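Take a look at the structure set out below.
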Amino acid sequence: MTHAEARTVTGWSAARALARTLAEPVDVESVPLALAAGRVLAADVRSRTRVPGFDTAAMDGYAVAGPGPWRVTGRVLAGAAAPGVVEPGTAVVIATGAPVPDGSDAVVPYEDVRCGEGLVEAPPPRRIHIRRAGEDLRPGDVLATAGRDVTSPLVGLLAQGGTDVVPVRRRPSVRLVVTGDEVVQAGLPGAGQVRDALGPLVIALAERAGASTPELVPVPDDRDRLRATLIADGADVLVVTGSSSVGRADHLHAVLADLDAVRHVDGVACRPGHPQLLARLPDGRWVVGLPGNPFAGLVGCVTLLAPLLDGLLGRVERPPVRVRLAGDAQPPGAVTRLLPVRVTDGAAVPVADAGPARLRAAADADGVAVLEPGWQPDSPVEVLHFP
């Protein structure tokens with residue numbers, strides 16, 4: 001790719017697709033089931049057992065055989081190893097989850113029976129209230145497929161299926177390089193200074209997207225310092241804020257040229273967030289360049305950084321969420337427009353006071369609505385929820 005080709009502005013959808021598809025999944029590691037929530041599966045996980053492992057009572061009541069009334073002959077509690085046999089015309093008291101004795105036709109709930117003189121009777125059962133062995137899971141059943149996020153309910157399902165150790169993708173490592181002589185990381189900014197808002201935002205977003213906690217490295221507007229930071233070992237992804245444009249203090253392009261990096265995206269046809277960049281260093285590490293204005297940088301995160309992390313994690317692509325856009329938004333023209341919105345009653349409602357340097361609207365929003373070139377007010381929009 002020549003330098004002239006690299007500077008060709010990429011369409012927003014194409015830029016997102018490139019970030020995902022160019023990334024090769026990182027290594028696989030195994031973690032205990034209790035630590036798997038929030039990770040991304042690296043392989044299919046199958047059940048190792050039957051669930052239920054035996055015919056089990058679905059209600060508290062009586063396990064009965066044949067037509068009633070039934071003579072009560074015993075009791076079976078959960079955990080019983082040998083529930084025995086029920087003969088026709090007899091019943092045993094049984095607890096939810098207990099193994100059902102052989103010969104049982106149904107479990108009749110307590111509330112459906114009448115008791116007297118050692119006998120119980122009830123109308124013919126409408127449901128048998130017995131969960132048959134293996135009706136939920138059988139050995140070899142696929143519980144979850146590779147690329148899926150491990151949620152808390154999935155952790156429970158994997159436990160049911162006998163899983164102890166889960167194959168997941170290693171969390172990609174991220175180094176966040178915050179450039180700018182005027183940027184301070186803590187306290188109140190002095191004259192000519194600004195507080196770094198984009199750094200904490202990127203850290204939070206990267207963690208929620210599945211990366212390990214990023215290392216934050218402040219770097220002044222100095223080409224040599226930026227170069228030294230990029231060539232240091234230790235990160236799969238280098239995120240550089242505030243140096244991706246073409247101003248006199250923006251050194252990222254020159255440093256990437258020095259390092260023989262391949263630029264796959266060098267400018268995105270969107271508003272805000274045009275000066276975004278995606279490059280790969282000769283050693284295989286990725287560089288994401290974000291504009292320094294906070295909301296524009298957030299747009300860069302959802303355009304390039306989040307899809308790149310999805311690709312590194314092998315995460316299955318989620319289907320787009322499309323809803324009606326409420327209000328009087330204007331067509332975006334020739335470039336994609338990203339608009340902070342709240343999703344209410346099936347419609348995306350724009351949040352007022354959005355601008356490249358403003359985070360108030362984004363902080364009050366659920367995500368951004370994507371207004372592609374050619375969009376008209378009566379058409380649905382895709383909504384990207386913030387991680």
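Quick caveat: nothing in here was measured; it's all calculated off a predicted structure.
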Can you hop from [X] to [Y] via hydrophobic side chains spaced under 4.5 Å?
X	Y	result
Leu41	Val31	yes
Ile130	Val113	no
Leu309	Leu22	yes
Leu325	Val323	yes
Trp12	Leu298	yes

For [Y], does its backbone N or O pair with a side-chain atom of [X] as donor and acceptor, under 3.5 Å?
X	Y	answer
Thr241	Leu290	no
Asp196	Gln185	no
Thr163	Val165	no
Asp60	Ala95	no
Arg131	Val51	no
Thr56	Ala98	yes
Asp44	Ala146	yes
Asp222	Asp224	yes
Ser379	Trp375	no
Ser173	Asp236	yes

How long is the span from the [atom1] atom in [X] to the [atom2] atom in [Y], to the nearest 0.5 Å?
X	Y	atom1	atom2	answer
Arg263	His253	CZ	NE2	5.5 Å
Arg195	Leu188	CZ	CG	8.0 Å
Glu372	Leu338	CD	CG	8.0 Å
Trp70	Cys115	CH2	SG	11.0 Å
Leu278	Leu305	CG	CG	10.0 Å
Arg175	Leu230	CZ	CG	8.5 Å

How about [atom1] on [X], more than 12 heavy atoms from neighbouring residues, nucleotides or ligands closer than 6.0 Å, or not?
X	atom1	value
Asp283	CG	yes
Arg20	CZ	yes
Arg48	CZ	no
Asp353	CG	yes
Glu111	CD	yes

So which atom in [X] and which in [Y] form the shortest heavy-atom distance, rounded to 0.1 Å?
X	Y	result
Gln160	Thr49	O-CG2, 3.6 Å
Leu304	Ala15	CD2-O, 3.7 Å
Ala235	Val174	CB-C, 4.2 Å
Ala23	Leu312	CB-N, 3.7 Å
Ala63	Ile94	N-CG2, 3.8 Å
Ala36	Val150	O-CB, 3.3 Å

Would you mind telling me which of Leu256, Leu252, Leu277, Val288 makes a side-chain contact (heavy atoms from CB on, under 4.5 Å) with Val240? Leu252

Set out, in order, the CA-CA distance, both residues' side-chain angles and the distance that settles side-chain contact (heavy atoms from CB on, under 4.5 Å) for Arg223 and Val255, then state yes or no. CA-CA 7 Å; Arg223 177 169 169 170; Val255 169; 3.9 Å; yes

With a 4.0 Å cut-off, would you call Arg39 and Glu29 a salt bridge? yes

Salt bridge between Arg127 and Asp112, side-chain N to carboxylate O under 4.0 Å? no

Please state whether the rings of His264 and Trp286 are parallel, tilted or perpendicular, taking 30° and 60° as the class boundaries. tilted

Go through the steps for Arg342 and Asp364 under the test side-chain contact (heavy atoms from CB on, under 4.5 Å), then give the verdict. CA-CA 8 Å; Arg342 296 191 192 95; Asp364 290 339; 3.5 Å; yes

Between [X] and [Y], is any pair of side-chain heavy atoms under 4.5 Å apart?
X	Y	value
Pro52	Glu135	yes
Val341	Val381	no
Val368	Phe386	yes
Val287	Arg285	no
Arg138	Ser47	no
Thr336	Val370	yes
Asp149	Arg315	yes
Thr8	Asp266	no

Go through the steps to decide whether Leu137 and Leu157 satisfy the test side-chain contact (heavy atoms from CB on, under 4.5 Å), and finish with yes or no. CA-CA 10 Å; Leu137 300 177; Leu157 175 64; 4.1 Å; yes

Show your working on side-chain contact (heavy atoms from CB on, under 4.5 Å) between Val302 and Arg16 and close with a plain yes or no. CA-CA 8 Å; Val302 300; Arg16 290 192 80 231; 5.7 Å; no

